Structures are given as structure tokens and as C-alpha cells.
Amino acid sequence: MKKPTGTGRIVADKRNFDQAPQKRQKQSGGAPGKPPRRPRRGNVVTRGIAGFVSLVWRVIWGSVWRLGLTVALILFAASFYYYTTLPEPSALFDGRARGSVTMLDAEGRVFAWRGETFGMVSADKIAPVLKDAVVATEDKRFYRHLGVDPRGIASAVKINMAAGRGPLEGNGGSTITQQVAKLLCLGETFDPIRWKSEADFEAECRKSSIWRKVKEVPYALAMEAKYSKQDILNIYMNRSYLGAGARGFEAAAQRYFDKSAADVNAAEAAMLAGLLKAPSYFAPTSNLQRAQDRATVILGLMHEQGYLDDKQFAEAKTQPAALSRAAAARAGGYFADWVMESGPGFLTSETTEDVTITTTFDQRVQRAAERALKRIFDEKVAPGSKAQAAVVVMSPDGAVRAMIGGRDNTATGTFNRATQAKRQTGSSFKPFVYAAALDQGYSPNDTVLDAPLTINVRGSGPWSPQNYTRRYSGEVTLTRALSQSLNTATIRLQEIAGRDAVRRVAQDFGFASDLASGPSLGLGVSESTLLAMTGAYAGIRNGGTAVSPYGLVELRIKGDDQALIGQAGGMGQRVISQKAAGELIGMMQQVIERGTGTRAKLSGRPAAGKTGTTSSYRDAWFIGFTGQYVTGVWMGYDDNTPLKGVTGGGLPAEIWQAVMAEIHDGLPVETLGNFAFDPDSAVPQVVSTGGDGAADPLAAALSEALGQPSQQGQGQAQPAPSEGQSLPDPGVQTPGGPPAFPAETVTSGPEAEMPPDADDALTQALRGIEGVYQQ
């Protein structure tokens with residue numbers, strides 16, 4: 001049978017063809033229309049692990065992006081909050097809680113600062129090289145980041161860990177923006193209720209911690225959003241502390257180089273930028289070489305980062321920055337401390353304003369005094385000695401020109417031996433005894449007994465002073481007794497004049513401490529400061545008018561025209577007569593010419609003074625004056641250790657001579673214009689030593705006053721004495737017999753009578769001198 005032909009399909013073939021795909025789908029278990037699944041790999045365990053890992057990853061990924069989004073929202077909210085609280089950039093330049101005190105010398109030049117000085121300077125007025133130095137040192141990617149530099153933080157952590165420190169100890173990796181955030185305390189202000197002190201508040205602000213770093217981030221971002229890079233850099237350069245009390249680069253440039261921050265060169269800019277790491281440690285006033293070494297490192301960074309070319313780099317390295325003359329000298333530290341103490345606290349140490357004080361300080365005199373003191377110690381004192389010295393130099397009207405409070409003149413705020421140390425004055429007190437006697441009418445040529453002496457002191461028993469040499473000279477003139485510093489003669493004179501009179505004279509001249517009441521008063525057992533003693537001697541130099549030492553001329557708020565405080569010291573009340581003062585000056589000249597102070601003699605220049613040595617040689621003094629200056633010197637140990645072989649006529653006199661020779665260099669010779677004495681004659685005479693006597697009005701007046709000899713007693717006329725008469729023994733017990741007469745019966749000694757118009761002439765002369773000094 002033939003198979004059918006044509007277009008017909010074979011049914012069996014069609015059936016099998018149509019059913020094949022369906023069978024395959026059933027066999028594979030798949031849904032109709034879907035591709036078959038891949039066969040699973042591995043066993044049940046591996047498939048379980050893979051599924052767990054996949055689940056964890058999905059959970060972590062979901063949490064991370066949600067957490068990241070949450071952190072971003074919080075960061076944005078915090079940054080936005082800080083953004084709304086940030087003021088204008090200029091309001092953030094000066095962040096000091098207290099003001100500063102700038103001191104000017106007698107010529108109007110700055111010589112000292114106290115507190116934190118500040119000088120605002122805008123970005124366009126800062127030297128570009130200074131900005132480059134700061135960026136190269138602190139944040140080389142400053143212009144490329146948004147306030148936070150993850151690379152810088154990671155690098156800092158790596159360095160700290162490699163050095164064995166904690167990740168945030170040492171290098172913090174903070175950008176300049178973050179450092180500004182720290183300087184601003186993240187916008188917080190001092191709250192006296194929350195913080196014990198401003199120091200605690202600032203310490204907390206500067207503290208490095210993870211939480212603190214986290215808080216800095218939104219604040220830094222806010223600043224970057226609100227301020228320009230120049231604004232941020234300007235805030236940083238105005239608020240940074242740069243050592244020696246300087247806040248900001250303008251104040252530091254003025255402090256160290258006596259120039260504006262706009263005028264510094266590359267070497268100076270590098271030194272200033274180097275202070276940011278450790279201001280006190282790298283301060284050039286602390287150690288110039290260390291500051292220069294640090295500056296060399298900064299110059300290298302600037303060169304590497306392209307801020308300096310090869311020529312500029314080489315030039316800056318070969319010509320390192322040097323301090324200004326005033327900063328290098330660091331003169332007047334003790335003087336400045338004293339002035340700060342003499343003014344009211346709310347305008348000095350605790351001022352919230354910037355204050356300017358004009359003073360009497362003379363930088364030339366200070367440097368000369370320091371050189372002289374150093375030279376004597378280098379030449380005459382054993383190396384390593386802990387002996388101290390203090391020096392005060394003032395004009396006769398009490399204006400303090402220089403002050404050395406100890407051998408270390410580089411430190412501030414240290415113990416000032418010129419103003420704070422109260423020491424026994426020894427024989428330097430004796431001029432007050434002679435001043436009291438001369439004011440009562442005794443003559444420099446009157447005689448007093450120098451012999452063994454015993455005085456019965458009520459409640460203490462007998463007291464017997466002795467001379468330094470243990471020898472006695474018998475009847476001596478008052479001039480010789482003072483010039484040779486004879487103890488027994490001085491005590492006899494004190495008992496004649498009266499201890500109360502001696503105390504009054506000393507106190508009126510400015511001896512501020514409590515004075516002894518016993519007979520040892522005249523030997524200087526009472527304590528005083530060097531400043532007070534020098535001021536008392538200035539009163540003698542002035543012709544008997546008290547002087548109050550002063551250093552402050554005027555104090556004013558910076559920028560104000562009206563002074564708040566003016567001069568408080570200067571000339572005071574009359575203590576002894578001009579005649580008595582003139583006689584005493586002449587006697588004190590003999591101390592230097594022929595007495596215990598010959599080492600203080602100045603070649604070709606008249607001078608007067610007095611030595612002083614206390615018991616057990618614990619203190620040695622020399623105080624004296626010329627026509628221009630009154631200078632006091634003290635020497636001793638802080639712990640009262642006795643000086644070995646040192647008396648007032650030794651090293652203190654040599655220091656005094658060296659200081660006075662230095663400060664008088666180039667000055668004209670001025671006469672003291674007072675009495676001098678011919679050692680071969682008992683007749684006092686007015687002389688003009690070392691110059692024209694007519695140039696000194698006091699000398700001319702004294703010469704006129706001596707033209708008519710007469711006398712006056714204490715309240716009543718007394719018979720005129722003979723020249724050079726011997727003074728009676730004032731009721732004291734001598735080893736050979738009873739008292740000559742009771743002390744209370746002593747009335748007065750002889751005194752030259754003044755002509756009726758003499759006092760007027762002397763008063764006019766003294767007023768003329770005062771007028772010169774006040775100018």
C-alpha cells in the first residue's frame with residue numbers, strides 16, 4: 001500500500017513533537033515558561049555557611065548605609081547649628097579674658113610687657129611669607145580640604161603609634177581649621193559657676209580626646225562653610241599664643257623683633273611659625289639658639305613645598321632671625337614687676353583692658369648697671385657662688401632709673417631683693433644718727449668720745465658695743481666718727497641727740513620698717529629694703545627733703561588721651577634743715593675720700609656715701625650719691641649665710657663704683673656743692689669740689705648762710721659754743737667711772753646761728769633744684 005502524498009502531516013510525528021517540551025518541563029520540575037534552575041553545588045553544610053554569610057552581609061550593608069545616612073544628618077544638623085552661631089570673623093580675633101600692660105621707658109620706648117599682649121592685623125597686612133610659613137608648618141593641604149583632613153589624621157596616628165604613644169598623644173593631625181575650633185573652645189565661653197578658674201577652662205578646651213576630636217568636625221565644617229580660607233587663617237594668626245605673653249603674630253613680631261608682622265622676612269617668619277608647636281619652649285627670649293634651630297626646620301618645609309626658591313632658602317639659613325635689642329637685653333624685669341605691684345590690681349595684674357604705663361626707667365642706665373655687676377662678680381666672686389646682689393639707681397628726686405633685684409635678670413615674677421627683701425642695714429643707718437644731731441645744732445667738727453662703752457638696757461642688762469677694729473681713738477670729730485664708722489662714738493652721739501629724734505629722722509626720710517627702741521638702733525639692727533634706704537639717701541642729697549621713690553609716671557587705657565593715674569612719688573616734706581643736710585653730705589664725702597668707702601671713689605667726680613655691714617657679716621651695703629644719681633647696693637645670701645670676708649667697704653663699694661662709673665660715662669661733672677673739711681683744720685668751709693661752685697645754687701646759698709656764726713637751742717637761746725668743742729657723755733656707764741650726768745638732763749648741743757635771710761635764700765635755692773629735678 002502506498003503512503004499518502006501531498007501536504008498532509010504525519011499525526012504521530014506531530015503528537016510526539018508537541019508533547020516533548022511538556023515532558024521535559026515536568027521532568028525538570030520547572031514552571032511553565034521559565035528557564036530551568038542550575039543544579040545546587042556543594043553539600044548541605046557549605047550551602048548553609050554561604051547562606052549565613054549572605055544574610056549577614058545584607059544586614060550589615062543595610063545598617064551601614066542607614067547609619068551613614070543618620071550620621072550625615074546629625075553632622076549636617078550640628079554643622080548648621082554651629083553655622084548659625086558663628087559671628088563675624090573680626091569678632092574672633094581677640095579671645096583674651098584679661099588685658100595687657102605695656103611699659104614705656106623715660107624716652108617713650110617699649111621695654112616690658114605684662115599679661116597677654118595683642119595686636120590685631122588683617123590678612124592683607126600680614127607678610128605673605130609669614131602666612132606661607134604657618135601653612136607649611138601646620139597644614140600643607142589647608143587650601144584643599146574642607147576643614148578635616150583624614151590623611152593628616154591617619155598619618156599622625158601612625159607617627160604616634162610608631163613612637164610608642166597613644167594614637168592621639170603627640171601629633172594630632174588637626175588641620176588649621178580644627179585648631180581654630182580648639183582655640184575658640186567650640187564656641188563655649190568661660191562660666192565661673194561651672195569652672196573654678198579660667199586656667200581650668202582653657203585646659204579643658206585644649207585637652208585632646210576622641211570625643212573632643214569628634215566635636216571639632218562639625219564646628220570645622222561650619223567654619224569652612226561660613227568663612228573663607230583667609231578668614232580662618234586670620235583668626236588663627238591673631239589668636240595663637242606665641243610665648244613671652246604674646247597673643248597673635250602681630251604681638252609676637254613686635255615683642256621679638258620690634259617690627260610689624262607685615263614686615264618680617266623669611267627667617268623671622270620661620271621662627272614665629274616654629275613657636276606654634278611649643279611657644280614657651282621655642283621662645284627666642286628663652287633660648288635663641290633653640291628657636292633658630294627650629295626655624296631652620298620650618299625653612300626646610302617651606303623650601304620643600306615650593307614657598308621658597310633655592311636662593312631664598314639659602315639666604316634665610318645663612319642669616320637667621322635675631323632678637324631686637326630690647327628683647328635681647330630683657331632689661332627691666334625687676335623694675336617692671338615693681339611697677340606692677342605699685343599700681344592698683346584692677347589696672348595692672350588683673351586688668352581687663354590694654355593699659356600703657358609710662359615709667360622713669362632708663363634702659364641705658366639699666367644695661368650699664370647690669371654690665372658692671374656682672375663684671376665684678378666674674379672677677380671677684382668665686383664661680384658657683386650663690387651670693388646675691390641688688391642694685392637701685394635713682395635720680396635725686398626719687399625717680400628710679402634702674403633696678404637689679406638679683407643676679408638673674410632674665411626671669412620675671414621672681415623674688416626682688418631690691419624691693420621685697422628686708423635686711424638689717426648695719427652701719428648704713430648711721431647717717432640718720434648724725435642727721436639728727438646736726439639738725440639739733442651740733443657741728444661736724446664737734447668731738448665725741450670713742451672709747452669702750454656699756455649701757456644698761458632695761459630688761460636686758462648691760463650692752464657693750466665694740467668697734468669693728470676692736471680699737472678706740474679717744475676724742476674724735478663727728479666727721480671722723482662717721483667716716484671711720486666708729487660704733488661707740490656713734491652710740492654716744494645717738495644718746496645725746498635722743499633715740500626718738502633719730503627714729504623720727506629715719507622714718508621721715510622713708511625708713512618704713514619698725515625701728516628698734518634700744519640703744520642698738522644706731523648700729524642698724526632694724527630692717528629695711530634697699531629701695532627704701534636708697535630713697536632715704538636721696539633725701540639727704542636733696543638737702544634734707546624727704547623723697548618717695550617712684551617708677552610710674554602715668555597710666556592710661558590704650559588709645560585714651562586722658563591718664564587715669566599720675567605720678568605718686570617724688571619730693572616730700574622737709575626732714576632736716578638745709579644746713580644740717582649740707583654738713584652731713586660733706587661728712588659723707590669723707591667716707592669715700594678717707595674713710596671706710598675708699599673703694600667707691602670716682603676719679604674726678606665728687607661723691608658721698610656710707611658703708612654698712614651687719615653682725616656676723618650677713619649683709620653688706622654701700623649707698624651713696626653724686627650730683628646726678630643716688631645708687632644703693634646690697635650683697636648677701638638669701639638664707640642669711642654669712643659672707644666670707646665681705647664688708648660694705650669691700651665688694652659692695654666696688655660694685656657701687658663700677659655701676660656709677662658706667663652710668664656716668666659721658667656725663668658732665670656736677671658738684672655736690674656741700675661742706676668739705678680740711679683734715680688739718682677744725683674750721684668748716686664751703687667748697688666747690690670738682691667744678692664751678694656757682695653752678696650749684698645750694699652751694700651758693702650755704703656759703704651765704706655761713707657768713708655769720710651764731711647758735712640757737714631747742715626752743716631757747718644758748719651760749720655760743722667754741723669751735724670743735726667736746727660733746728658731753730650722755731649718761732652712759734663707762735668701765736672707769738659713773739655717768740657724767742643723767743641722759744634726761746641733756747638739752748642740746750651747739751649750732752651755728754643763721755642770719756635772718758639765710759633760710760629764705762636756702763629755700764629759694766632748694767626750690768630751684770627741685771624745679772630742675774621735676775623737669
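What you see is a predicted model; the values in this text were computed from it and never measured.
T359 places a side-chain N or O within 3.5 Å of a backbone atom of L104 that can act as its donor or acceptor partner. At least one donor-acceptor pair under 3.5 Å links the side chain of R401 to the backbone N or O of T360. Not a single donor-acceptor pair under 3.5 Å links the side chain of N234 to the backbone N or O of Q230. For the pair D139 (side chain) and I176 (backbone), a donor-acceptor distance under 3.5 Å is present.
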> When you look at M223 and L86, which way does the side-chain contact (heavy atoms from CB on, under 4.5 Å) test go after all the steps?
Replying inline: CA-CA 8 Å; M223 284 194 296; L86 289 173; 3.8 Å; yes

> Given F76 and L221, is the side-chain contact (heavy atoms from CB on, under 4.5 Å) satisfied, shown in steps?
Replying inline: CA-CA 9 Å; F76 175 80; L221 294 175; over 6 Å; no

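A cation-pi arrangement, defined by a distance under 6.0 Å to the six-membered ring centre and an angle within 45 degrees of its axis, is present between R290 and Y281. With a 6.0 Å cutoff to the six-membered ring centre and a 45° limit on the axis angle, R247 does not count as a cation-pi contact of Y241. Cation-pi geometry between K229 and Y143 is not met: the NZ or CZ atom fails to fall both under 6.0 Å from the ring centre and inside 45° of the normal.
Side-chain contact check for Q420 and T529: no donor-acceptor pair (N or O, by modelled atom type) lies under 3.5 Å.
Classification of the H145-F142 ring pair by plane angle, with boundaries at 30° and 60°, yields perpendicular. Ring geometry for Y83 against F80 counts as parallel: the plane angle stays under 30°, on a 0 to 90° scale with 60° as the upper cut. Using the six-membered ring where Trp is involved, F361 and F111 have ring planes that are parallel, under 30° apart on the 30 and 60° scheme.
You'll find the side chain of M403 reaches within 4.5 Å of the side chain of N416, heavy atoms only.
Using a cut-off of 4.0 Å between Lys/Arg side-chain N and Asp/Glu carboxylate O, D639 and K386 are scored as not salt-bridged.
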